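Note that this is a predicted model, so its numbers are computed, not measured.
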Amino acid sequence: MGNYSMPRYFQNMPTVGKAVKANAENVNELRAIEDDIHAHIVDALNSGKADEDMNAKGQLTAMQRIALLVDEGTWCPLNSLYNPEHNKNGSTSIVKGLGRVNGKWCCIIASDNKKHAGTWVPGQADNLLRGSDTAKRLRIPLIYLLECAGVELDKQEKVYPNRRGGGTPFYRNSELNQMGIPVIVGIHGTNPAGGGYHSISPTVLVAHQKANMAVGGAGIVGGMNPKGLRADPPGSVSIHYGETGFFREVYTEQEGVIAGIKKYVDMLPTFDLEFFRVDTPQSPAMSDVELYDLVLNNKNRPYDMYSVLGRLFDGSQFMEYKKGYGPEMITGIAKVDGLLVGVVANQQGIFPNYPEYKMAKYGQAMGAGGKLYRQGLIKMNEFVTLCARDRLPMVWIQDTTGIDVGDDAEVAELLGLGQSLIYSIQSSGLPMMEITLRRGTAAAHYVLGGPQGNDNNAFSLGTAATEINVMNGKTAANAMYTGRLAKDQKAGKDLQPTIDKMNALIDDYNVKSQPLFCAQAGLVDEVVDMPMMRNYIVAFADSCYQNPASICPFHQMLLPRTIKDYEDGHK
């Protein structure tokens with residue numbers, strides 16, 4: 001029967017997905033958006049001192065340190081363009097992402113030392129918290145490649161204080177330590193004040209011979225000297241290795257610091273992923289490059305979500321939960337690297353004679369894909385609860401236009417069922433990731449595993465087709481100004497000024513809903529190329545099973561049996 005548990009359920013699962021026709025126009029649109037995102041990322045990484053100048057001074061850059069640290073081909077960047085305070089360098093002066101270190105997945109944060117020696121800038125603290133949140137959700141080590149010269153003094157009010165300000169990451173590192181999630185730091189350069197707490201808050205400190213960390217740096221110490229003399233940097237290796245012993249190890253070469261980090265990662269306990277595998281890892285049976293043809297950038301046109309799933313998951317296999325019930329939502333079990341995950345996605349298209357509460361009242365109905373109705377919400381509540389019971393991490397794939405509205409929807413309890421889904425997610429204790437594949441609209445964006453679920457969502461991704469807003473720009477303009485237009489028309493006033501305001505709002509919505517803005521504002525944690533989605537899903541699944549907080553043995557799982565019994569009852 002093979003070496004894996006319960007083969008009748010988990011091996012040779014049904015396959016999904018269809019062949020797709022070439023769509024050159026759509027491919028070109030999506031690739032052009034991706035190229036623009038790539039150009040902005042390159043500009044942000046290149047901002048500051050040149051790599052050659054850094055190397056000439058004997059310093060490695062953040063990206064060079066990351067390249068030495070992570071296993072080849074495993075780097076999955078996060079928040080590359082996050083810049084909520086519009087810093088001129090195009091970033092928050094850190095480089096962050098997921099990567100394997102000697103085979104173990106870690107969350108990695110590197111000070112971008114090309115930019116004012118890694119100084120804290122506006123928005124950086126929140127970005128650091130996003131990184132520690134990811135480590136916390138996935139229960140994987142957090143690694144700092146640190147070189148932080150403290151607060152950017154002329155922006156101190158945007159960096160230093162506040163509930164999610166400069167000191168909050170140090171509390172988060174303490175929380176991770178208390179959870180048994182190690183924080184390992186490789187310390188380079190000068191790290192005073194906030195940089196000093198950056199250095200001391202991790203679990204294990206590994207330092208370069210020229211590194212120092214201190215409550216205050218040379219400039220602060222000199223500034224407090226009555227004679228105004230500049231002091232030598234305090235907190236050198238001679239102090240924190242020779243006397244306090246805070247530095248666990250010191251290396252003469254920067255490459256040695258990286259090797260030291262790897263050594264301590266090797267010491268950490270993790271499961272062999274084979275312990276949790278239900279099948280041999282497989283690539284999808286269909287090409288993920290075809291996602292460019294399949295996922296339509298024209299938001300008004302439908303496509304087949306099952307064909308998307310067939311290009312993301314192992315063997316294009318998918319075991320669906322309650323197929324046909326709540327048809328606007330697809331729920332089921334898939335495999336990633338041979339590991340089980342729960343999947344929820346919005347189906348597109350139209351659904352005749354649905355939803356049932358409109359059919360019962362009017363005798364006819366036509367449901368629209370992407371919108372949420374009563375059955376779909378009930379199904380998702382059940383599915384999340386069963387995934388929680390069976391300890392299956394979840395992948396959400398959004399393309400939603402919102403939740404059905406009107407008195408019929410209120411009588412059908414959609415408001416309560418939407419909040420019930422939030423309750424189910426919050427109570428699940430599961431790690432989750434979310435992809436806004438195309439549209440993330442209104443409260444449906446919240447309830448479909450969105451980044452608002454801080455205790456569950458490890459990270460959220462966008463694509464070149466992503467559009468996130470509370471409603472379409474034209475709908476918003478009509479909602480705001482239709483009454484004004486009617487009033488002005490009745491009064492015989494010129495309508496053009498109001499029409500101009502409507503058009504300005506539509507344009508503003510368009511700019512602030514697009515992938516680049518979503519990345520810069522942090523509405524998603526990364527905009528990724530279509531074929532890269534699979535890489536992040538693998539990183540997520542592997543991380544979830546690397547060191548889980550709890551386990552449900554396969555032979556005690558309820559969800560696959562529930563699926564089989566439902567299918568048998570509807571044949």
Handout entry: CA sep, side-chain torsions, deciding dist, call: E290, R311, salt bridge (Lys or Arg N to Asp or Glu O under 4.0 Å)
Key = CA-CA 8 Å; E290 293 175 340; R311 288 162 173 83; 2.8 Å; yes
Only pairs under 3.5 Å count here: list side-chain donor-acceptor contacts from residues 479-493, not counting sequence neighbours, and write none if there are none.
unit_1: T482; atom_1: OG1; unit_2: N478; atom_2: O; d: 2.5
unit_1: D488; atom_1: OD2; unit_2: T498; atom_2: OG1; d: 3.2

Handout entry: Pair Y4 + F10: ring centers closer than 6.0 Å
Key = no
Practice task
Spell out, as yes or no, whether a donor-acceptor pair under 3.5 Å connects the side chain of N26 to the backbone of V295.
Solution key: yes
Problem - Salt-bridge criterion met for R439 and D399 (N-O under 4.0 Å) - result: yes
Problem - Whether F540 and F459 hold their rings parallel, tilted or perpendicular, with breakpoints at 30° and 60° - result: perpendicular
Practice task
Taking all non-hydrogen atoms of both residues into account, name the closest pair between V336 and D314 and its distance.
Solution key: CA-OD1, 3.5 Å
Practice task
Ignoring hydrogens and angles, tell me if any N or O in the side chain of N457 forms a donor-acceptor pair with the backbone of G449 under 3.5 Å.
Solution key: yes
Practice task
May I ask you to establish whether K358 and Y362 are in a cation-pi arrangement, using a distance under 6.0 Å from NZ or CZ to the six-membered ring centre and at most 45° from the ring axis?
Solution key: no
Handout entry: Backbone N/O of G370 and side chain of Q347: donor-acceptor pair under 3.5 Å
Key = no
Problem - Neighbour count >12 (heavy atoms, 6.0 Å) for atom CG, D565 - result: yes
Exercise for the section: Please assess S47 against D43 for the test side chain to side chain donor-acceptor pair (under 3.5 Å), listing each intermediate value before the final yes or no. Expected result: CA-CA 6 Å; S47 177; D43 287 345; over 6 Å; no
Problem - Side chain Q546, main chain L273, donor-acceptor under 3.5 Å - result: no
Practice task
Could you tell me whether the side chain of K361 and the main chain of D408 form a donor-acceptor pair under 3.5 Å?
Solution key: no
Problem - N-O pairing of D404 and R374 below 4.0 Å - result: no
Practice task
Return the orientation label for the F383 and Y321 ring planes: parallel under 30°, perpendicular over 60°, tilted otherwise.
Solution key: tilted
Exercise for the section: Could you check E567 against K323 for salt bridge (Lys or Arg N to Asp or Glu O under 4.0 Å), going step by step and ending with a plain yes or no? Expected result: CA-CA 8 Å; E567 289 177 343; K323 182 177 177 63; over 6 Å; no
Practice task
Taking the side chain as every heavy atom from C-beta outward, state whether T441 and H445 have any atom pair closer than 4.5 Å.
Solution key: no
Practice task
Sequence neighbours left out, what passes side chain to side chain donor-acceptor pair (under 3.5 Å) with N456? Give chain and number order.
Solution key: S428
Practice task
Using a strict cut-off of less than 4.0 Å between a Lys/Arg side-chain nitrogen and an Asp/Glu carboxylate oxygen, indicate whether R130 and D133 qualify as a salt bridge.
Solution key: no
Problem - CA sep, side-chain torsions, deciding dist, call: D568, K564, salt bridge (Lys or Arg N to Asp or Glu O under 4.0 Å) - result: CA-CA 6 Å; D568 290 345; K564 185 178 185 303; 3.0 Å; yes
Problem - Q348 (side chain) donor-acceptor with N346 (main chain) under 3.5 angstrom - result: yes
Exercise for the section: State whether a side-chain donor-acceptor pair under 3.5 Å links N510 with K512. Expected result: no
Practice task
Mind telling me whether Y373 and Y357 have parallel, tilted or perpendicular rings, with 30° and 60° as the class edges?
Solution key: tilted
